[in-house]
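This is a predicted model, so every value here is computed, not measured.
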Amino acid sequence: MNFLKKTLVIGSEAFLGKAFLKALPESEGTHYKSIDPKKRVDLQSPDITALNLCKGEYSHAIIVAANTNLALCEQEKTAEYRSNVEGTLDLVTALLKFDIQPVVFSTAYVFNGNTGDYNELSDTNPINEYGRQKELIEKKLPQICGDNYLIVRAGKIFDSNFSGTFLDQIHNDLINQRIVRAAHDHIFNPLLVEDLVDAVIALQKKGKKGLYNICHKEIWTRLDLAREIACRMNINPDYVKAISLDEIESPYRLPKKTNMSCAKLASEIDFRPTSIFDCIEKILKREK
């Protein structure tokens, strides 16, 4: 199956939403702050009547709208639960009436981070509220959709532009000679946003359903990434300070080992993500 109808992007002004809109020129986007009611969807009360949807017009709806602020999810559980869980599921229910397959995003934070190398069948056991909300989405979506859904469990996503994602933050701190406190025990698979988008679109085109981990095969610690960037910038390595996640005071807990296996994905599509070394070089070349 290589035919892909139009895609609806819910949360089109978000980091991921913008990336999907750029890659899918035939898509339409909505945002909860849009002044146009035909382009506004608010997960607090996800009424899609004004979108004037017709059956057969859209094959998928990519739902990237969510509150991903971990501190806010922890401190305002009820409000964020309404958006991230109840509102998302209400939206999915409404979309299914138009035969639109939902594409919903999850996170490696559904795991406790004790072991790492998680696959799609690994037991979930989140240690923060955001992870718990995403775990509920993963469990409830099949109950609502049967098998007509796609869950993308994404690794750590970044881009190489001036967007403020974590590689950008490390680079900016170093270029301004600010100390970078980087955890040696924060282990993950960073992935360029364009590679994530390409993988999702490939899954859509093949009519895939179910849960997929989408992440890089490369496994990094935040400390190693910071040191690599400093080295390539010829910055004094003393500007990178090794810490543990245990030292960070926060209203939420972070799982330490969030690296996942993308073997299932790689067996079903041609998935060749950009090397992290190449991504770092691209970030550094922006100033030349």
How close do G11 and V64 get, counting heavy atoms only, and between which atoms?
O-CG2, 3.4 Å
SB check R153 E120 (cutoff 4.0 Å)
no
More than 12 foreign heavy atoms under 6.0 Å from CZ of R272: is that the case here?
no
Within 6.0 angstrom of D123 CG, more than 12 heavy atoms from elsewhere
no
Between the main-chain N or O of R178 and the side-chain N or O of D173, is there a donor-acceptor pair closer than 3.5 Å?
no
In short, V193 meets D159 closest at the heavy-atom pair CG1-CB, 3.5 Å
Taking N84 for its side chain and N67 for its backbone only, find out whether a donor-acceptor pair lies under 3.5 Å.
yes
Are D246 and K256 close enough for a salt bridge, meaning some N to O gap below 4.0 Å?
yes
Verify the distance criterion only: is there a donor paired with an acceptor across the side chains of D168 and T165 at less than 3.5 Å?
no
Is the side chain of Y212 donor-acceptor paired with the backbone N or O of A199 at a distance under 3.5 Å, no angle test?
no
Assess the residue pair K139 and E135 against the criterion (salt bridge (charged side-chain N to carboxylate O under 4.0 Å, His left out)); give the C-alpha distance rounded to whole Å, side-chain angles, the decisive distance to 0.1 Å, and a yes or no.
CA-CA 6 Å; K139 290 182 176 180; E135 180 190 46; 3.7 Å; yes
Do NZ/NE/NH1/NH2 and the carboxylate oxygens of R82 and D90 come within less than 4.0 Å?
yes
For the student: nearest non-hydrogen atoms of W220 and I276, plus distance
NE1-CG1, 3.5 Å
Any side-chain to backbone donor/acceptor pair from S106 onto I151? Under 3.5 Å, distance only.
no
Is K5 positioned over the aromatic face of Y58, cation under 6.0 angstrom from the ring centre and no more than 45 degrees off axis?
no
Q169 and G164: which non-hydrogen atoms are nearest, and at how many Å?
NE2-O, 2.9 Å
So does N114 get a backbone contact from the side chain of N112, meaning a donor-acceptor N/O pair under 3.5 Å?
yes
Just by distance, with hydrogens left out, do Q204 and S59 show a side-chain donor and acceptor under 3.5 Å apart?
no
With the threshold set at 4.0 Å, does a side-chain nitrogen-carboxylate oxygen contact exist between E268 and K264?
no
Geometric cation-pi criterion, K134 with Y109: 6.0 Å, 45°
no
Side chains of F158 and C279: does their closest heavy-atom pair fall under 4.5 Å?
yes
Side chains of D47 and T49: do they bring a donor and an acceptor to under 3.5 Å?
yes
As a quick check of understanding, evaluate side chain to side chain contact (heavy atoms under 4.5 Å, CB included) for H186 and S244, giving each step before the final call.
CA-CA 8 Å; H186 191 191; S244 168; over 6 Å; no
Charged N to carboxylate O below 4.0 Å: is that the case for R132 and E129?
yes
If you group Ile, Leu, Val, Met, Phe, Trp and Tyr by side-chain heavy-atom gaps below 4.5 Å, do L51 and Y32 land in one group?
no
Do other residues, nucleotides or ligands put more than 12 heavy atoms under 6.0 Å from K77 NZ?
yes
Would the distance check show the side chain of S27 and the main-chain N or O of L24 forming a donor-acceptor pair, the cut-off being under 3.5 Å?
yes
What are the two closest heavy atoms between P46 and G87, and how far apart are they?
CG-O, 3.4 Å
Ionic contact status for D42 with R40, cut-off 4.0 Å:
no
Just wondering, are more than 12 heavy atoms of other shown residues or ligands nearer than 6.0 Å to NZ in K209?
yes
Do the non-hydrogen side-chain atoms of L196 and F105 ever get within less than 4.5 Å of each other?
yes
Is there a donor-acceptor pair closer than 3.5 Å between any side-chain N or O of T88 and the backbone N or O of S83?
yes
Restricting to non-hydrogen atoms, name the atom on N189 and the atom on H216 that form the minimum distance, rounded to 0.1 Å.
ND2-O, 2.9 Å
Residues, nucleotides or ligands: over 12 heavy atoms within 6.0 Å of E247 CD
yes
